[in-house]
Amino acid sequence: MAVYPFHTIEKKWQAFWAEKKTFRTPDEPVADKPKYYILDMFPYPSGAGLHVGHPEGYTATDILARYKRMKGFSVLHPMGWDAFGLPAEQYALETGTHPRVTTERNIARFRQQLQSLGFSYDWEREVATTDPDYYKWTQWIFLKLYERGLAYQAEVAVNWCPALGTVLANEEVIDGKSERGGHPVIRRPMRQWMLRITAYAERLLADLDSLDWTESIKEMQRNWIGKSTGAEVQFQVSGFKFQVTVFTTRPDTLFGATYMVLSPEHALVDQIATLEQRAAVKAYQEAAARKSDLERTELQKMKTGCFTGAYALNPVNGHKIPIWIADYVLASYGTGAIMAVPAHDERDYAFAKMFNLPIVEVISGGDITKEAFTGDGVNVNSANAEISINGLPTPEAKAKITAWLEGKGIGQAKVNYKLRDWLFSRQRYWGEPFPVIFVDGESQPVSVDSLPLTLPEVETYTLSGTGESPLATIPSWIHTTDPKTGAPATRETNTMPQWAGSCWYYLRFIDPKNQQRLVDPAKEKYWMPVDLYVGGAEHAVLHLLYARFWHKVLYDAGVVSTKEPFQRLVNQGMILGEMEYTAFYDEAGQPVSAEFAGEEHHDIRTNAKLKAERVEDDFVEKKGDCFVLKENNAIRVNARAFKMSKSRGNVINPDDVVRDYGADTLRLYEMFMGPLEQVKPWSMKGVEGVHRFLNRVWRLFMDDRADALLPEIADAEPTKDQLRWLHKTIKEVTGDVEDLRFNTAISTMMEFSNECQRWTQRPKPVMETFVLLLAPFAPHFAEELWLRLGHADTLAYTPWPQFKPEYLVQDTLEVPVQVNGKLRGKVTVPNGAAQEAVVAAAQADSGIAPHLAGKTIRKQIYIPGRMLNLVVG
RNA sequence: GCCGGAGUGGCGGAAUGGCAGACGCACUGGACUCAAAAUCCAGCGCCCUUCAAAGGCGUGUGGGUUCAACUCCCACCUCCGGCACCA
């Protein structure tokens, strides 16, 4: 089936590029050239090798990188490895193989696979986060954080996963289970390193506005940071000298606060609990501590709590209100305590109903006998001897009461963020060691000169079992001395999380071999920021937020010159497996229509177990909105494409595609599937389609029997029509590439080739220009044709074709004619014809005239050259 | 529940408010062939009628704005992604 020899061609050009260092970006910036830094999210080199999802983003960036080079830009397009991480360590545990060995093997495989796809990376800039020359600077950045008071230790309740033997970040816990492996996670206090990302919350939020990212990603980050504006209010505890401070976004509802709730972990609980209540309080606290996050979520609907026996005084009306503890109040947000306004907060409402607490309306506009009214409204029941906010709309009531509280010294305006400090240590071996030692239990940084602090060799990767890292089992690692005093010291046994290395790799690519500095300032100034960053949406929040945080710290430390690292961000959509049709059968083997099949494959009517079976598309047809079995079209089947997974057996291996169709076909197909950012199903038939396209293009040039250029490729003068086609193609492909609309760029080139096929003379200049347009998409293929057309050198730096509008001008135009908004025909008129002439032509047209017969033209709308609409009546 | 995105042929998808369905796949017919594959040519939203021409209906649903709506506005439905007791 193969016509053009893609195997030979692809190998040959990959070798050529490597040998000639075609894509080497000079170490020193080229001052007079505009720069373009185009970056892929570097992969974790897993043992499974490359997956068809990887080349999607990589092809997109490669096309743009090649295009920009032809446009005269100095392009930085590097690749590296996010190589620390759990799987290699897990594998070490099982087999005793050093994670470094596994990692190196996996990297070699990934590199070879990426190279087989013809990506134009500058491989001399390759970095791996596991390389001591690299993590030296990760540790250096940690010391910067430490110096600035942004790294600290805390005894925190962490997500402890017994199965993985490690602590996980909140973000790595999904529904109370570990994101990796789905093991249960419980809460347990432990000494941990924390990074004070919260100190940067406001800047991380505000600077989003300056970024050219999709609104949805920015919104996700905004939600994650979760800024809310309100007030802190102090409540005097009745019979004690101290107050409890709460945070509220609705200080205007203060008159409606009928009780208070502290989180079970709140520091004052033990002091205020009365004797009678003490045992109950203690029991509740213990129960809450035992609850995993999963249990907390499951019980979300059911509010629980316990009265402390203590009372507080509502500062605006002096009412004595009970103080409760309940786990619906989180210790880690705000002050860990709330004033409860059941009339105007759904959670407080549910709690008040549950425990029979008073509900007092202070905002009119709802019906509090039925449900909480949480919207804005007008205050009622909200006055004391000194102040009244009655009759005020919500925003004004908030301002007035906050000012009053401030004046009395019992409250002030306050901003809070959902964002928490970043839990930055893992109890693992395969990560960056912390460059700190402990002398008399006090942490102190190691000197910068002593970096990198390298990982020691270990006998066993078995976890310590105490929750500490395997490093804790190596006495030679733990015991050291303070270089300043010679006093005995111990080392940190935790390591950094995988996020650390990926927080700053884009900087190292700029100056990957620099031994003196993280990055040379002049080079940094030239290349930063990253102009385009492409990767999966799964990193929408965490990686991007962490990297932005480190970048801002480095900005404050004078290491980088930009406030933000990634100017433009695009997320490629996931590639799903092929579309699958699934039919359901009961125990007796009788087909059951898909609408009766519930989740877990049970009949939702009888709860009987069903068997799901895949059906070939030939046995399925469409009926209305659904697909049904052809043999019995009362039986619906499910039609869906699923995420690729080993267990489902629908994984496509890029190596196989490269073997059967070539890298250029794979690249072209991945781009042709649909818009880059969209989720889309794989189709092997689609791969064949683009492969056919390449074969057709090959035959536009080559006589494949003679292995020579066709005689049709001539040094002839192009016709007007040929130039029009060419320049239309240049215009559209250029615009599409600029906007990353690769799918439509490819269809435009397909249209050109379809047209071209009809030409008996294919003027060489026209055909050469077309090869250049195709080059970023199918680089090996284009290089080979370029060579066959008589060019000695690579086309990688040949100027991108220029579109000339004058070639698009046509002598005659076909203008669609509508009558009352309905298309009735088309008329052909000279280009630039006056409206009257077009109308006259329409009236004369045999197809259109009947629709005008006997009617008066009341209105004419003519969009020159595009449309004529005649309104008649 | 809240936030974001998307609903267009059998399928993937295309259309600065101006010819809906480009391009590709699948399918149908034809050419080439002893035959098949490959390739080339033609057709291909639905409905009615038909030798044909012509016509009607069509972009999730219902309204609206406009000479003209896949595109703009309002309401709703479905699917996907994220967040989820954050006071």
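Numbers restart at 1 for each chain; the letters A, B, ... are given by sequence-line order, proteins then strands.
- Within a 6.0 Å sphere centred on NZ of A:K731, other residues, nucleotides and ligands contribute 12 heavy atoms or fewer.
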Report task. List the protein contact pattern of nucleotides 3-28 of chain B with one symbol per nucleotide (5' to 3'): B for base contact, S for sugar-phosphate-only contact, - for none; contact means a heavy-atom distance under 4.0 Å. Result -> SS-----SSBSS-B-BB--BBSSS--
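- Between the C1' atom of B:A38 and the CH2 atom of A:W698 lies a distance of 18 Å, rounded to the nearest Å.
- Taking atom NE2 on A:H266 and atom C1' on B:A87, their separation rounds to 13 Å, with Å as the unit.
- Here the separation of B:C67 from B:G21, taken at their P atoms, is 25 Å to the nearest Å.
- B:A54 and B:U61: their C1' atoms are spaced 32 Å apart (whole Å).
- No side-chain heavy atom of A:V261 sits less than 4.5 Å from a side-chain heavy atom of A:I325.
- Under a 4.0 Å N-O distance rule, the pair A:K680/A:E56 qualifies as a salt bridge.
- Side-chain N or O atoms of A:N869 include one that pairs as donor or acceptor with a backbone N or O of A:G821 at under 3.5 Å.
- The gap from the P atom of B:C85 to that of B:C77 amounts to 25 Å, rounded to the nearest Å.
- Between A:R667 and A:E670, no side-chain nitrogen of the basic residue sits less than 4.0 Å from a carboxylate oxygen of the acidic one, so the salt-bridge criterion is not met.
- In this structure A:K227 satisfies the salt bridge (charged side-chain N to carboxylate O under 4.0 Å, His left out) test together with A:E202, sequence neighbours excluded.
- Counting only residues at least two apart or on different chains, the side-chain hydrogen bond (donor to acceptor under 3.5 Å, both in side chains) pairs with a member in residues 244-257 of chain A are A:R250-A:D252.
- Taking the P atom of each, B:C57 and B:C11 are spaced 24 Å apart, rounded to whole Å.
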Review item, nucleotides 69-78 of chain B N/O atoms under 3.5 Å of protein N/O:
none

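- Going from the C1' atom of B:C47 to that of B:G9 covers 15 Å, rounded to whole Å.
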Using a cut-off of under 3.5 Å, enumerate the N/O to N/O pairs linking the protein to nucleotides 43-49 of chain B.
none

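- Here A:Y333 reaches the OP1 or OP2 of B:A87: one of its side-chain N or O atoms lies under 4.0 Å away.
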**Report entry** Dot-bracket line, read 5' to 3' along RNA chain B, where crossing pairs take [ ] and | marks a partner on another strand, Watson-Crick or G-U under 3.5 Å
**Finding:** (((((((..(((.....[....))).(((((.......))))).(((.......)))..(((((..]....))))))))))))....
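- In this structure, A:M260 and A:I338 have side chains that are not in contact, with every pair of non-hydrogen atoms separated by 4.5 Å or more.
- Partners of A:F672 under the ring-ring contact (aromatic ring centres under 6.0 Å, His included) rule, at least two apart in sequence or in another chain, do not exist in this structure.
- Taking the six-membered ring for Trp, A:F351 and A:Y328 have ring centres closer than 6.0 Å.
- Computed from coordinates, the A:K418 NZ to B:A87 P distance equals 7 Å when rounded to whole Å.
- Here A:S228 lies in heavy-atom contact (under 4.0 Å) with sugar-phosphate atoms only.
- Position along RNA chain B of the nearest nucleotide to A:R758 versus A:T335 favours A:R758 as the more 5'-ward residue.
- Here the rule is ring-ring contact (aromatic ring centres under 6.0 Å, His included) with A:H691, and of A:F781, A:F6, A:W698, A:Y669 only A:F6 fits it.
- Using atom P as the reference point in both B:C34 and B:A26, the two lie 26 Å apart (nearest Å).
- Counting only residues at least two apart or in different chains, side-chain hydrogen bond (donor to acceptor under 3.5 Å, both in side chains) contacts with residues 743-752 of chain A comprise A:E732-A:T748, A:D736-A:T744.
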Query - Footprint string (nucleotides 50-62 of chain B, 5' to 3'): B base within contact, S backbone only, - free, heavy atoms under 4.0 Å - result: -----SSS-----
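- At least one donor-acceptor pair under 3.5 Å links the side chain of A:D421 to the backbone N or O of A:I197.
- Comparing the same atom, C1', in B:A22 and in B:U59 gives a spacing of 15 Å after rounding to whole Å.
- Comment: A:K685 does not engage A:E578 in a salt bridge, judged by the lack of any side-chain N to carboxylate O separation of less than 4.0 angstrom.
- Classification of B:G13 as anti follows from a glycosidic angle more than 90° from 0.
- Distances shown here put every side-chain N or O of A:R222 at or beyond 4.0 Å from the OP1 or OP2 atom of B:C83.
- Among residues two or more places apart in sequence or in another chain, the side-chain hydrogen bond (donor to acceptor under 3.5 Å, both in side chains) test is passed with A:S263 by none.
- In this structure, the side-chain contact (heavy atoms from CB on, under 4.5 Å) partners of A:D707, at least two apart in sequence or on a different chain, are A:M702, A:R788.
- Comparing B:C79 with B:G29, their C1' atoms are spaced 38 Å from each other, to the whole Å.
- A centroid separation of less than 6.0 Å is found between the aromatic rings of A:F752 and A:W759.
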Output one line per pair: protein atom, nucleotide atom from nucleotides 63-66 of chain B, and distance, for all N/O pairs under 3.5 Å.
none

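- Residue-to-nucleotide proximity on RNA chain B shows that, of A:Y417 and A:E346, the 5′-proximal contact is made by A:E346.
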